[in-house]
Amino acid sequence: VYVQTAVIKMYSELGLVDEARQVFDKMTERDLVAWNSMVVGYASNGHMGAAIELFSSMPVKDVLSYNIILSGFADGKRIESARRVFDEMPDRDVISWNSMILACTNAGDMAGACELFEKAPERNIITWNTMITGYVQNELYAEAINLFDRMKTENVEADYLTVTASLSACAHLRSLETGTQIDEYARNRGLLSKPHVVTALIDMYAKCGGIKNSLEVFYKFRHKDIFCWNAIVSGLALHGHGDSALKLFDEMQENCLKPD
RNA sequence: GUUCUAGUCU
C-alpha cells in the first residue's frame with residue numbers, strides 16, 4: 001500500500017492523473033492516505049470536478065482531505081467554493097486557515113485575507129508569508145512592508161520567503177533605505193545562501209538605483225541559477241548598460257548549467 | 001507513504 005501510494009503521488013506530480021487513477025483503482029486495500037493522495041492528484045492538477053467527486057465518495061475523511069480540496073479551490077481562485085469548504089469542515093488546523101487566506105489573496109480579496117489573518121487561532125511562518133506575498137501580488141507594497149515590520153515587533157522569525165517578498169515590495173516602491181535594512185536582516189540570518197533572496201536583492205538594488213550593489217551580490221553568490229542571471233541582466237539593461245548586459249548574457253549561456 | 005506560502009523578466 002505504501003509503494004502504491006508513492007506511485008500515485010509520483011504520477012500526480014508528473015501530471016499523469018489517469019495513470020495515477022489506474023494505480024488507485026487496482027489497489028486491493030485503500031487506506032485514508034491512499035484516498036487523500038488520489039484527491040491531491042486531481043486537485044493539484046486543476047481537476048476539481050474529479051477531485052470533489054472522489055472526495056464525496058470517501059468512506060472516511062480527515063482534516064487533510066478537506067485541506068486538499070480547500071487548497072485546490074484556492075489555487076483555482078475559486079474563493080466562494082473555498083469558503084464553503086472552509087465553513088463546512090468539521091475541524092480546521094493552521095493549514096486550513098492558510099489555504100483560506102491564500103484563496104482570498106489569489107482572488108484579490110486582501111480585505112478578506114486580512115480579516116482571516118486576524119481571526120486565525122494560530123499562525124505559522126506560512127501564514128505570514130502568504131499575507132506578505134499576497135500584498136505584493138496585489139500591488140499593496142507598503143502594506144507588505146508594514147506586515148514585515150509587525151513580524152519583527154511580534155518577535156516572529158522571518159524566513160527566506162518573507163525576506164524575498166519584502167525585498168520585492170521595496171523594489172516596487174524604489175525604497176533603497178528599507179531595502180538595505182532588509183539586506184542586513186537577511187545577512188544576519190544567513191539567508192543570502194538562498195537563490196530566491198539573492199535574486200530579490202539584485203532586483204531591489206537595480207531598481208532602487210544601486211546597480212553596484214547588485215553586481216556585488218551577484219558576483220559573491222556561488223550558486224547562480226537562471227533567475228539570478230535574468231535579474232542582473234535586466235538590471236544592467238535598465239540602467240542603460242546594454243553593452244554589459246549583452247556581455248553577461250553571453251556568459252550566461254556558458255555558465256547556466258542547471259536551470260529550474 | 002498523503003495537505004498550506006515560492007524569487008527575475010514577460
Side-chain angles (χ1 to χ4, degrees), chain A residues 1-10 12-13 20 23-24 27 30-44 51 55 58 61-75 82 85-86 89 92-103 105-106 113 117 120 122-137 158-169 171-172 186 191-192 194-207 214 218 221 224-238 245 249 252 259-260:
Chain A
V1 191
Y2 283 17
V3 180
Q4 287 164 310
T5 305
V7 173
I8 290 175
K9 188 188 179 197
M10 190 194 71
S12 302
E13 283 167 355
V23 176
F24 180 79
M27 293 175 83
R30 295 179 197 105
D31 61 9
L32 185 53
V33 177
W35 281 92
N36 282 342
S37 301
M38 193 58 234
V39 178
V40 173
Y42 286 125
S44 65
F55 174 79
M58 287 178 77
K61 303 177 178 91
D62 65 359
V63 202
L64 289 218
S65 322
Y66 285 92
N67 283 346
I68 291 159
I69 292 295
L70 185 51
S71 168
F73 283 134
D75 287 341
V85 175
F86 185 74
M89 53 195 293
R92 292 165 204 93
D93 62 11
V94 64
I95 295 183
S96 322
W97 285 85
N98 291 347
S99 298
M100 191 59 227
I101 290 172
L102 182 67
T105 65
N106 274 346
F117 179 82
E122 185 190 346
R123 295 177 194 130
N124 62 14
I125 185 63
I126 296 183
T127 321
W128 289 89
N129 290 349
T130 302
M131 283 300 294
I132 294 176
T133 60
Y135 279 128
V136 173
Q137 280 157 4
D159 72 359
Y160 77 102
L161 286 178
T162 325
V163 162
T164 299
S166 305
L167 284 170
S168 168
H172 286 279
L191 295 176
L192 266 76
K194 298 282 185 185
H196 289 72
V197 175
V198 170
T199 301
L201 262 182
I202 292 171
D203 183 53
M204 184 278 292
Y205 280 123
K207 291 192 172 129
S214 295
F218 178 76
F221 186 55
K224 300 175 182 61
D225 65 9
I226 187 72
F227 290 94
C228 300
W229 281 98
N230 280 345
I232 195 70
V233 169
S234 23
L236 284 167
L238 184 72
F249 187 78
M252 179 168 106
D260 258 358

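What's counted below: heavy atoms across the whole structure, side chains too, no hydrogens, waters or symmetry copies. Just so it is clear, the model here is predicted, and its values are computed rather than measured.
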Between the side-chain atoms of [X] and the base atoms of [N], is any donor-acceptor pair under 3.5 Å?
X: A/T164; N: B/G7; result: no
X: A/N98; N: B/C4; result: yes
X: A/D225; N: B/G7; result: yes

Name the nucleic acid region contacted by [X], choosing base, sugar-phosphate or nothing; use a 4.0 angstrom heavy-atom cut-off, strictly under.
X: A/K61; answer: nothing
X: A/S37; answer: sugar-phosphate
X: A/I68; answer: sugar-phosphate
X: A/V1; answer: base
X: A/T130; answer: sugar-phosphate
X: A/D93; answer: nothing

How about [X] and [Y]: are their ring centres within less than 6.0 Å of each other?
X: A/W97; Y: A/F86; result: yes
X: A/Y66; Y: A/F55; result: yes
X: A/F117; Y: A/W128; result: yes

Quiz item: Just to confirm, is there a sub-4.0 Å distance from OP1 or OP2 of B/U2 to any side-chain nitrogen or oxygen of A/K9?
Solution: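 For B/U2, OP1 or OP2 has a side-chain N or O of A/K9 closer than 4.0 Å.
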Quiz prompt | Nearest-nucleotide pick for A/N36, side chain only, options being B/G7, B/U2, B/U5 | solution =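 Looking only at side-chain atoms, A/N36 lies closest to B/U2.
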Exercise. Apply side chain to side chain contact (heavy atoms under 4.5 Å, CB included) to the pair A/F73 and A/I69, showing each step before the final yes or no.
Key: CA-CA 6 Å; A/F73 283 134; A/I69 292 295; 3.7 Å; yes
